[in-house]
There are 2 protein chains.
Amino acid sequence: MGLRDYEQPSVTTDIVIFSIIDDDLKVLLIKRGVEPFKDQWALPGGFVRMGEALEDSARRELSEETGLENVYLEQLYTFGDVKRDPRGRVITIAYMALVDGKNIKLKASTDAKEVKWFSVKNLPKLAFDHEKILSYSLKRLRWKFEYTCVGFSLLPKKFTISSLQKIYEIVHNKEFDKRNFRKKLFSLGILKEEGMEEDVGYRPAKLYSLKCSPDKVVEII
Amino acid sequence: MGLRDYEQPSVTTDIVIFSIIDDDLKVLLIKRGVEPFKDQWALPGGFVRMGEALEDSARRELSEETGLENVYLEQLYTFGDVKRDPRGRVITIAYMALVDGKNIKLKASTDAKEVKWFSVKNLPKLAFDHEKILSYSLKRLRWKFEYTCVGFSLLPKKFTISSLQKIYEIVHNKEFDKRNFRKKLFSLGILKEEGMEEDVGYRPAKLYSLKCSPDKVVEII
DNA sequence: ACAAAAGTGTTGAGAGTACACCCATGC
DNA sequence: GCATGGGTGTACTCTCAACACTTTTGT
(Lines give C-alpha, C1' and ligand atoms only; values in the text may rest on other atoms or scores of the structure.)
Protein backbone atom coordinates (compact mmCIF):
# COMPACT_ATOMS: atom_id res chain seq x y z
CA MET A 1 0.00 0.00 0.00
CA GLY A 2 1.47 3.32 -1.04
CA LEU A 3 1.73 6.54 0.88
CA ARG A 4 -0.70 8.33 -1.44
CA ASP A 5 -3.53 6.03 -0.47
CA TYR A 6 -3.89 8.22 2.61
CA GLU A 7 -4.73 11.89 2.64
CA GLN A 8 -1.84 13.84 4.01
CA PRO A 9 -1.90 16.55 6.62
CA SER A 10 0.41 19.55 6.48
CA VAL A 11 3.28 19.68 8.95
CA THR A 12 4.81 22.77 10.49
CA THR A 13 7.26 23.55 13.24
CA ASP A 14 6.63 26.34 15.71
CA ILE A 15 9.27 27.65 18.00
CA VAL A 16 9.05 29.17 21.44
CA ILE A 17 12.13 31.33 21.87
CA PHE A 18 12.84 32.34 25.45
CA SER A 19 15.32 34.90 26.64
CA ILE A 20 15.95 37.05 29.68
CA ILE A 21 15.90 40.75 28.86
CA ASP A 22 15.72 43.58 31.37
CA ASP A 23 15.52 41.08 34.20
CA ASP A 24 12.38 39.53 32.79
CA LEU A 25 11.56 36.29 31.06
CA LYS A 26 10.55 37.08 27.49
CA VAL A 27 9.26 35.16 24.54
CA LEU A 28 9.66 36.15 20.91
CA LEU A 29 6.46 36.68 18.93
CA ILE A 30 5.76 37.79 15.38
CA LYS A 31 2.86 39.77 14.05
CA ARG A 32 1.43 37.73 11.20
CA GLY A 33 1.51 39.42 7.81
CA VAL A 34 -0.72 36.87 6.09
CA GLU A 35 -4.07 35.18 6.58
CA PRO A 36 -5.26 33.37 8.60
CA PHE A 37 -4.91 35.43 11.77
CA LYS A 38 -3.40 38.33 9.81
CA ASP A 39 -2.15 41.06 12.16
CA GLN A 40 -2.34 38.80 15.20
CA TRP A 41 0.65 37.83 17.30
CA ALA A 42 1.88 34.26 16.96
CA LEU A 43 4.86 32.03 17.57
CA PRO A 44 7.41 31.99 14.75
CA GLY A 45 6.98 28.89 12.63
CA GLY A 46 6.54 27.51 9.18
CA PHE A 47 6.08 24.50 6.97
CA VAL A 48 8.56 21.67 7.11
CA ARG A 49 10.24 21.26 3.76
CA MET A 50 10.27 17.89 2.11
CA GLY A 51 13.99 17.24 2.40
CA GLU A 52 14.44 18.95 5.75
CA ALA A 53 14.75 17.30 9.15
CA LEU A 54 12.33 18.59 11.78
CA GLU A 55 15.00 20.17 13.92
CA ASP A 56 16.54 21.84 10.87
CA SER A 57 13.18 23.38 10.11
CA ALA A 58 12.98 24.81 13.62
CA ARG A 59 16.56 26.08 13.38
CA ARG A 60 15.77 27.73 10.10
CA GLU A 61 12.84 29.63 11.64
CA LEU A 62 15.00 30.60 14.58
CA SER A 63 17.74 31.89 12.37
CA GLU A 64 15.29 33.79 10.15
CA GLU A 65 13.92 35.74 13.11
CA THR A 66 17.02 36.21 15.23
CA GLY A 67 20.03 35.44 13.08
CA LEU A 68 21.20 33.07 15.80
CA GLU A 69 22.73 29.66 15.24
CA ASN A 70 24.10 27.10 17.69
CA VAL A 71 21.63 27.85 20.42
CA TYR A 72 19.93 25.45 22.78
CA LEU A 73 16.96 23.88 21.03
CA GLU A 74 14.70 21.09 22.19
CA GLN A 75 11.65 19.40 20.79
CA LEU A 76 8.69 19.96 23.08
CA TYR A 77 5.51 18.36 21.93
CA THR A 78 3.44 17.80 18.82
CA PHE A 79 0.04 19.45 18.58
CA GLY A 80 -2.37 17.99 16.09
CA ASP A 81 -5.95 18.83 16.98
CA VAL A 82 -8.08 18.46 13.90
CA LYS A 83 -9.36 22.04 13.98
CA ARG A 84 -6.30 23.90 15.21
CA ASP A 85 -5.78 25.59 11.84
CA PRO A 86 -8.73 26.99 9.86
CA ARG A 87 -6.99 26.18 6.56
CA GLY A 88 -7.19 22.42 7.12
CA ARG A 89 -5.38 19.67 8.92
CA VAL A 90 -2.07 21.03 10.13
CA ILE A 91 0.09 19.23 12.63
CA THR A 92 2.77 21.26 14.33
CA ILE A 93 5.87 20.13 16.13
CA ALA A 94 6.71 22.67 18.81
CA TYR A 95 10.31 23.43 19.73
CA MET A 96 11.75 25.51 22.54
CA ALA A 97 14.91 27.60 22.18
CA LEU A 98 16.85 29.38 24.91
CA VAL A 99 19.00 32.29 23.82
CA ASP A 100 21.23 34.85 25.43
CA GLY A 101 19.23 38.06 25.12
CA LYS A 102 22.15 40.39 24.66
CA ASN A 103 23.40 41.03 21.15
CA ILE A 104 20.29 39.90 19.32
CA LYS A 105 19.14 41.97 16.41
CA LEU A 106 15.62 41.07 15.45
CA LYS A 107 14.74 41.11 11.78
CA ALA A 108 11.25 40.99 10.35
CA SER A 109 11.02 38.13 7.90
CA THR A 110 8.78 37.58 4.92
CA ASP A 111 5.71 36.32 6.78
CA ALA A 112 6.03 38.76 9.65
CA LYS A 113 5.20 42.41 9.79
CA GLU A 114 6.85 42.82 13.15
CA VAL A 115 8.95 40.85 15.61
CA LYS A 116 8.98 41.61 19.31
CA TRP A 117 9.92 40.30 22.73
CA PHE A 118 7.00 39.96 25.15
CA SER A 119 7.19 39.41 28.88
CA VAL A 120 5.59 36.09 29.77
CA LYS A 121 3.65 38.00 32.42
CA ASN A 122 2.00 40.18 29.83
CA LEU A 123 1.15 38.31 26.66
CA PRO A 124 -1.17 39.38 23.86
CA LYS A 125 -3.89 37.15 22.45
CA LEU A 126 -2.24 34.61 20.18
CA ALA A 127 -3.16 33.00 16.86
CA PHE A 128 -4.06 29.30 16.43
CA ASP A 129 -3.52 27.22 19.59
CA HIS A 130 -0.33 29.10 20.37
CA GLU A 131 -1.48 30.00 23.87
CA LYS A 132 -1.68 26.30 24.65
CA ILE A 133 1.77 25.72 23.17
CA LEU A 134 3.26 28.60 25.11
CA SER A 135 1.74 27.57 28.40
CA TYR A 136 3.07 24.06 27.86
CA SER A 137 6.55 25.43 27.15
CA LEU A 138 6.56 27.50 30.28
CA LYS A 139 5.82 24.45 32.39
CA ARG A 140 8.54 22.51 30.65
CA LEU A 141 11.00 25.37 31.01
CA ARG A 142 10.52 25.70 34.76
CA TRP A 143 10.71 22.03 35.17
CA LYS A 144 13.88 21.60 33.13
CA PHE A 145 15.43 24.43 35.09
CA GLU A 146 15.12 22.46 38.28
CA TYR A 147 16.45 19.21 36.96
CA THR A 148 19.00 20.11 34.30
CA CYS A 149 21.57 22.70 33.30
CA VAL A 150 19.45 24.27 30.53
CA GLY A 151 19.26 27.58 32.38
CA PHE A 152 22.88 28.27 31.50
CA SER A 153 21.83 28.61 27.86
CA LEU A 154 20.19 31.94 28.66
CA LEU A 155 23.62 33.38 29.47
CA PRO A 156 26.82 34.01 27.52
CA LYS A 157 29.46 31.25 27.59
CA LYS A 158 31.26 32.94 30.46
CA PHE A 159 29.03 34.13 33.26
CA THR A 160 29.11 35.07 36.93
CA ILE A 161 27.39 33.12 39.66
CA SER A 162 25.13 36.01 40.49
CA SER A 163 23.98 36.47 36.91
CA LEU A 164 23.10 32.78 36.95
CA GLN A 165 21.27 33.13 40.22
CA LYS A 166 19.28 36.02 38.82
CA ILE A 167 18.18 33.85 35.88
CA TYR A 168 16.91 31.22 38.26
CA GLU A 169 15.11 33.78 40.35
CA ILE A 170 13.39 35.26 37.32
CA VAL A 171 12.27 31.94 35.89
CA HIS A 172 11.00 30.59 39.20
CA ASN A 173 9.74 33.94 40.32
CA LYS A 174 11.25 33.66 43.78
CA GLU A 175 14.47 34.51 45.55
CA PHE A 176 17.22 32.17 46.60
CA ASP A 177 19.85 32.50 49.30
CA LYS A 178 23.17 33.55 47.80
CA ARG A 179 25.35 31.31 49.94
CA ASN A 180 23.21 28.21 49.49
CA PHE A 181 22.94 28.77 45.74
CA ARG A 182 26.72 28.99 45.36
CA LYS A 183 27.33 26.04 47.65
CA LYS A 184 24.94 23.86 45.67
CA LEU A 185 26.41 24.83 42.32
CA PHE A 186 30.00 24.24 43.34
CA SER A 187 29.10 20.89 44.86
CA LEU A 188 27.77 19.73 41.46
CA GLY A 189 31.20 20.05 39.88
CA ILE A 190 29.86 21.40 36.61
CA LEU A 191 31.62 24.78 36.62
CA LYS A 192 34.99 25.70 35.16
CA GLU A 193 36.79 28.88 36.21
CA GLU A 194 37.32 31.37 33.39
CA GLY A 195 39.09 34.37 34.91
CA MET A 196 37.56 37.62 36.10
CA GLU A 197 35.17 40.28 34.92
CA GLU A 198 36.82 43.48 33.74
CA ASP A 199 35.85 47.14 33.75
CA VAL A 200 32.84 46.93 35.99
CA GLY A 201 32.27 49.77 38.40
CA TYR A 202 32.69 47.59 41.47
CA ARG A 203 34.51 44.51 42.68
CA PRO A 204 34.89 42.21 39.63
CA ALA A 205 33.35 38.75 39.92
CA LYS A 206 34.86 35.46 38.86
CA LEU A 207 33.66 34.11 35.53
CA TYR A 208 32.67 30.51 34.98
CA SER A 209 31.66 28.31 32.08
CA LEU A 210 29.59 25.13 32.02
CA LYS A 211 31.61 21.92 31.81
CA CYS A 212 28.72 19.59 30.92
CA SER A 213 25.90 19.41 28.36
CA PRO A 214 22.90 21.67 29.05
CA ASP A 215 20.78 18.53 29.06
CA LYS A 216 22.71 16.88 31.86
CA VAL A 217 20.36 15.85 34.64
CA VAL A 218 21.33 17.49 37.90
CA GLU A 219 19.10 18.90 40.58
CA ILE A 220 20.09 22.52 40.63
CA ILE A 221 17.52 23.57 43.18
CA MET B 1 -0.78 31.07 0.57
CA GLY B 2 -2.63 27.75 0.58
CA LEU B 3 -1.64 24.52 2.23
CA ARG B 4 -1.21 22.77 -1.11
CA ASP B 5 1.61 25.07 -2.12
CA TYR B 6 3.82 22.85 0.01
CA GLU B 7 4.45 19.19 -0.55
CA GLN B 8 3.05 17.21 2.29
CA PRO B 9 4.73 14.46 4.25
CA SER B 10 2.83 11.46 5.57
CA VAL B 11 2.15 11.28 9.28
CA THR B 12 1.91 8.16 11.40
CA THR B 13 1.72 7.32 15.06
CA ASP B 14 3.76 4.50 16.55
CA ILE B 15 3.14 3.14 19.97
CA VAL B 16 5.47 1.58 22.50
CA ILE B 17 3.34 -0.60 24.75
CA PHE B 18 5.04 -1.64 27.96
CA SER B 19 3.87 -4.24 30.41
CA ILE B 20 5.27 -6.42 33.14
CA ILE B 21 4.78 -10.09 32.43
CA ASP B 22 6.50 -12.97 34.22
CA ASP B 23 8.44 -10.50 36.34
CA ASP B 24 10.00 -8.93 33.27
CA LEU B 25 9.56 -5.65 31.44
CA LYS B 26 8.08 -6.40 28.04
CA VAL B 27 7.23 -4.44 24.95
CA LEU B 28 4.63 -5.40 22.36
CA LEU B 29 5.87 -5.88 18.80
CA ILE B 30 4.16 -6.94 15.60
CA LYS B 31 5.57 -8.89 12.70
CA ARG B 32 4.91 -6.81 9.64
CA GLY B 33 2.71 -8.44 7.01
CA VAL B 34 3.37 -5.86 4.29
CA GLU B 35 6.29 -4.18 2.60
CA PRO B 36 8.48 -2.40 3.45
CA PHE B 37 10.22 -4.50 6.09
CA LYS B 38 7.79 -7.37 5.48
CA ASP B 39 8.29 -10.15 8.06
CA GLN B 40 10.35 -7.93 10.33
CA TRP B 41 9.35 -6.98 13.85
CA ALA B 42 8.20 -3.43 14.43
CA LEU B 43 6.27 -1.21 16.80
CA PRO B 44 2.52 -1.14 16.22
CA GLY B 45 1.54 1.99 14.34
CA GLY B 46 -0.27 3.42 11.39
CA PHE B 47 -1.29 6.46 9.43
CA VAL B 48 -3.11 9.28 11.15
CA ARG B 49 -6.53 9.73 9.61
CA MET B 50 -7.58 13.13 8.38
CA GLY B 51 -10.27 13.75 10.97
CA GLU B 52 -8.53 11.99 13.83
CA ALA B 53 -6.63 13.59 16.70
CA LEU B 54 -3.11 12.28 17.19
CA GLU B 55 -3.83 10.65 20.51
CA ASP B 56 -6.95 9.01 19.10
CA SER B 57 -4.83 7.50 16.36
CA ALA B 58 -2.49 6.03 18.95
CA ARG B 59 -5.41 4.75 21.01
CA ARG B 60 -6.88 3.13 17.93
CA GLU B 61 -3.64 1.24 17.26
CA LEU B 62 -3.47 0.22 20.89
CA SER B 63 -7.01 -1.05 20.87
CA GLU B 64 -6.50 -2.91 17.59
CA GLU B 65 -3.58 -4.89 19.00
CA THR B 66 -4.65 -5.41 22.59
CA GLY B 67 -8.35 -4.62 22.82
CA LEU B 68 -7.53 -2.29 25.70
CA GLU B 69 -9.07 1.10 26.29
CA ASN B 70 -8.58 3.63 29.09
CA VAL B 71 -4.94 2.86 29.65
CA TYR B 72 -2.13 5.24 30.44
CA LEU B 73 -0.91 6.85 27.22
CA GLU B 74 1.57 9.64 26.73
CA GLN B 75 3.09 11.35 23.74
CA LEU B 76 6.82 10.76 23.66
CA TYR B 77 8.59 12.40 20.79
CA THR B 78 8.23 13.00 17.08
CA PHE B 79 10.71 11.38 14.74
CA GLY B 80 11.03 12.88 11.29
CA ASP B 81 14.36 12.07 9.73
CA VAL B 82 14.11 12.47 6.00
CA LYS B 83 15.13 8.90 5.22
CA ARG B 84 13.51 7.02 8.09
CA ASP B 85 10.98 5.37 5.75
CA PRO B 86 12.03 4.02 2.34
CA ARG B 87 8.61 4.87 0.86
CA GLY B 88 9.13 8.61 1.23
CA ARG B 89 8.86 11.33 3.80
CA VAL B 90 7.04 9.94 6.82
CA ILE B 91 6.95 11.69 10.15
CA THR B 92 5.92 9.62 13.13
CA ILE B 93 4.65 10.70 16.49
CA ALA B 94 5.67 8.13 19.07
CA TYR B 95 3.45 7.33 22.04
CA MET B 96 4.08 5.21 25.09
CA ALA B 97 1.40 3.12 26.79
CA LEU B 98 1.60 1.30 30.09
CA VAL B 99 -0.77 -1.61 30.58
CA ASP B 100 -1.48 -4.20 33.21
CA GLY B 101 -0.16 -7.38 31.65
CA LYS B 102 -2.71 -9.74 33.11
CA ASN B 103 -5.90 -10.33 31.15
CA ILE B 104 -4.64 -9.19 27.79
CA LYS B 105 -5.57 -11.22 24.77
CA LEU B 106 -3.45 -10.28 21.81
CA LYS B 107 -5.09 -10.27 18.41
CA ALA B 108 -3.29 -10.12 15.10
CA SER B 109 -4.63 -7.23 13.08
CA THR B 110 -4.77 -6.65 9.36
CA ASP B 111 -1.22 -5.38 8.90
CA ALA B 112 0.34 -7.83 11.31
CA LYS B 113 1.08 -11.49 10.84
CA GLU B 114 1.91 -11.95 14.48
CA VAL B 115 1.83 -10.01 17.74
CA LYS B 116 4.13 -10.84 20.62
CA TRP B 117 5.56 -9.56 23.89
CA PHE B 118 9.35 -9.24 23.94
CA SER B 119 11.55 -8.75 26.95
CA VAL B 120 13.37 -5.43 26.68
CA LYS B 121 16.53 -7.37 27.49
CA ASN B 122 16.17 -9.51 24.42
CA LEU B 123 14.85 -7.57 21.45
CA PRO B 124 14.89 -8.62 17.80
CA LYS B 125 16.13 -6.37 15.01
CA LEU B 126 13.43 -3.79 14.33
CA ALA B 127 12.06 -2.13 11.19
CA PHE B 128 12.50 1.59 10.34
CA ASP B 129 14.09 3.61 13.16
CA HIS B 130 12.09 1.71 15.75
CA GLU B 131 15.16 0.77 17.73
CA LYS B 132 15.84 4.45 18.27
CA ILE B 133 12.23 5.03 19.29
CA LEU B 134 12.28 2.13 21.69
CA SER B 135 15.53 3.12 23.31
CA TYR B 136 14.19 6.63 23.77
CA SER B 137 11.02 5.26 25.40
CA LEU B 138 12.98 3.15 27.82
CA LYS B 139 14.89 6.17 29.02
CA ARG B 140 11.70 8.13 29.39
CA LEU B 141 10.00 5.25 31.21
CA ARG B 142 12.73 4.90 33.81
CA TRP B 143 12.85 8.56 34.27
CA LYS B 144 9.11 9.01 34.69
CA PHE B 145 9.14 6.16 37.17
CA GLU B 146 11.39 8.10 39.47
CA TYR B 147 9.53 11.37 39.33
CA THR B 148 5.88 10.46 38.85
CA CYS B 149 3.26 7.86 39.66
CA VAL B 150 3.14 6.33 36.16
CA GLY B 151 4.44 3.01 37.45
CA PHE B 152 1.09 2.32 39.03
CA SER B 153 -0.40 2.01 35.55
CA LEU B 154 1.36 -1.32 35.10
CA LEU B 155 -0.77 -2.78 37.88
CA PRO B 156 -4.49 -3.41 38.38
CA LYS B 157 -6.50 -0.67 40.15
CA LYS B 158 -6.07 -2.40 43.48
CA PHE B 159 -2.58 -3.60 44.25
CA THR B 160 -0.32 -4.57 47.11
CA ILE B 161 2.73 -2.64 48.16
CA SER B 162 5.01 -5.51 47.36
CA SER B 163 3.64 -5.93 43.84
CA LEU B 164 4.36 -2.24 43.34
CA GLN B 165 7.85 -2.60 44.72
CA LYS B 166 8.48 -5.48 42.35
CA ILE B 167 7.48 -3.28 39.39
CA TYR B 168 9.97 -0.67 40.46
CA GLU B 169 12.69 -3.24 40.91
CA ILE B 170 12.11 -4.68 37.46
CA VAL B 171 12.06 -1.34 35.68
CA HIS B 172 15.16 -0.03 37.45
CA ASN B 173 16.83 -3.40 37.48
CA LYS B 174 17.87 -3.16 41.11
CA GLU B 175 16.47 -4.02 44.53
CA PHE B 176 15.02 -1.67 47.09
CA ASP B 177 14.70 -2.00 50.84
CA LYS B 178 11.17 -3.04 51.77
CA ARG B 179 10.86 -0.83 54.84
CA ASN B 180 12.22 2.28 53.14
CA PHE B 181 10.05 1.73 50.08
CA ARG B 182 6.88 1.47 52.17
CA LYS B 183 7.83 4.40 54.36
CA LYS B 184 8.45 6.63 51.35
CA LEU B 185 5.19 5.67 49.67
CA PHE B 186 3.06 6.20 52.75
CA SER B 187 4.69 9.55 53.40
CA LEU B 188 3.59 10.75 49.95
CA GLY B 189 -0.08 10.41 50.88
CA ILE B 190 -1.09 9.09 47.47
CA LEU B 191 -2.46 5.71 48.56
CA LYS B 192 -5.99 4.79 49.56
CA GLU B 193 -6.72 1.58 51.47
CA GLU B 194 -8.91 -0.88 49.60
CA GLY B 195 -9.32 -3.91 51.86
CA MET B 196 -7.37 -7.15 51.78
CA GLU B 197 -6.26 -9.79 49.35
CA GLU B 198 -8.27 -13.02 49.47
CA ASP B 199 -7.50 -16.67 48.85
CA VAL B 200 -3.76 -16.46 48.68
CA GLY B 201 -1.80 -19.30 50.19
CA TYR B 202 -0.15 -17.10 52.82
CA ARG B 203 -0.80 -14.03 54.92
CA PRO B 204 -3.03 -11.74 52.82
CA ALA B 205 -1.70 -8.28 52.11
CA LYS B 206 -3.55 -4.99 52.26
CA LEU B 207 -4.73 -3.62 48.92
CA TYR B 208 -4.31 0.00 47.90
CA SER B 209 -5.34 2.22 45.04
CA LEU B 210 -3.79 5.41 43.72
CA LYS B 211 -5.47 8.62 44.87
CA CYS B 212 -3.81 10.97 42.36
CA SER B 213 -3.23 11.18 38.61
CA PRO B 214 -0.46 8.94 37.23
CA ASP B 215 1.20 12.08 35.93
CA LYS B 216 1.48 13.69 39.33
CA VAL B 217 5.04 14.71 40.02
CA VAL B 218 6.35 13.04 43.15
CA GLU B 219 9.77 11.64 43.79
CA ILE B 220 9.03 8.01 44.41
CA ILE B 221 12.62 6.95 44.74
C1' DA C 1 5.15 -26.75 63.00
C1' DC C 2 6.51 -24.98 58.79
C1' DA C 3 6.49 -22.37 54.55
C1' DA C 4 5.65 -17.89 52.46
C1' DA C 5 5.08 -13.43 52.28
C1' DA C 6 3.39 -9.29 55.25
C1' DG C 7 4.50 -5.96 58.19
C1' DT C 8 7.21 -2.99 61.43
C1' DG C 9 11.55 1.15 64.01
C1' DT C 10 15.88 2.95 64.93
C1' DT C 11 20.11 5.02 64.05
C1' DG C 12 23.74 7.57 61.60
C1' DA C 13 25.16 10.36 57.64
C1' DG C 14 24.47 13.78 54.43
C1' DA C 15 21.86 17.42 52.26
C1' DG C 16 19.00 21.40 52.61
C1' DT C 17 17.81 25.71 54.95
C1' DA C 18 18.25 29.80 57.50
C1' DC C 19 20.98 33.41 58.67
C1' DA C 20 24.91 38.28 58.71
C1' DC C 21 29.09 40.13 57.94
C1' DC C 22 33.62 41.52 55.65
C1' DC C 23 35.98 42.29 50.98
C1' DA C 24 37.59 44.32 46.53
C1' DT C 25 37.03 47.74 43.25
C1' DG C 26 35.96 52.38 40.95
C1' DC C 27 34.83 56.85 41.65
C1' DG D 1 35.53 57.04 52.23
C1' DC D 2 31.55 55.44 50.15
C1' DA D 3 28.70 52.89 47.03
C1' DT D 4 28.21 48.58 44.67
C1' DG D 5 27.98 44.05 44.23
C1' DG D 6 31.37 39.82 45.48
C1' DG D 7 32.37 36.47 48.45
C1' DT D 8 32.34 33.53 52.77
C1' DG D 9 30.81 29.66 57.48
C1' DT D 10 27.95 27.57 60.96
C1' DA D 11 24.16 25.37 63.32
C1' DC D 12 19.75 23.12 62.94
C1' DT D 13 16.51 20.15 60.62
C1' DC D 14 14.99 16.79 57.76
C1' DT D 15 15.39 13.23 54.53
C1' DC D 16 17.69 9.05 52.92
C1' DA D 17 20.02 4.60 53.65
C1' DA D 18 21.24 0.68 56.14
C1' DC D 19 19.80 -2.88 58.84
C1' DA D 20 16.62 -8.01 61.14
C1' DC D 21 12.99 -9.75 63.36
C1' DT D 22 7.93 -10.84 64.40
C1' DT D 23 3.22 -11.73 62.47
C1' DT D 24 -0.38 -13.84 59.85
C1' DT D 25 -2.22 -17.19 57.05
C1' DG D 26 -2.76 -21.89 54.63
C1' DT D 27 -1.32 -26.50 54.50
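Naming convention: chains lettered A, B, ... in sequence-line order (proteins, then strands); numbering from 1 in each chain. The shown structure was predicted, so the numbers you read here are calculated from the model rather than taken from an experiment.
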Selection from D:dG7, D:dA20, C:dC19 that lies nearest to any side-chain heavy atom of A:N180
C:dC19

Tell me what A:S162 touches on the nucleic acid: a base, only sugar-phosphate, or nothing, going by heavy atoms under 4.0 Å.
sugar-phosphate

Is it the case that more than 12 heavy atoms not belonging to A:E175 sit under 6.0 Å from its CD atom?
no

For A:F181 and D:dT8, what is the distance between atoms CZ and C1' respectively, to the nearest whole Å?
16 Å

For the aromatic rings, using the six-membered ring if either is Trp, is the centroid distance between A:F37 and A:F128 under 6.0 Å?
yes

Compare all side-chain heavy atoms of B:V16 with those of B:D14 and state whether any distance is below 4.5 angstrom.
no

Check this for me: does the side-chain of A:K178 come within 3.5 Å of the base of D:dG7 through a donor and an acceptor?
yes

Report the nucleotide, chosen from D:dT4, C:dG9, C:dG7, that has the shortest atom-to-atom distance to any side-chain atom of B:R203.
C:dG7

If I take atom CG in residue A:L188 and atom C1' in nucleotide C:dG16, what distance separates them, rounded to the nearest angstrom?
13 Å

Please classify the nucleic acid contact of A:K183 as base, sugar-phosphate, or nothing, using heavy-atom distances under 4.0 Å.
base

Is it the case that the base of C:dG16 and the side chain of A:K184 share a donor-acceptor contact (distance under 3.5 Å, atom types as modelled)?
no

NZ/NE/NH1/NH2 to OD/OE distance under 4.0 Å, A:K144 and A:D215
yes

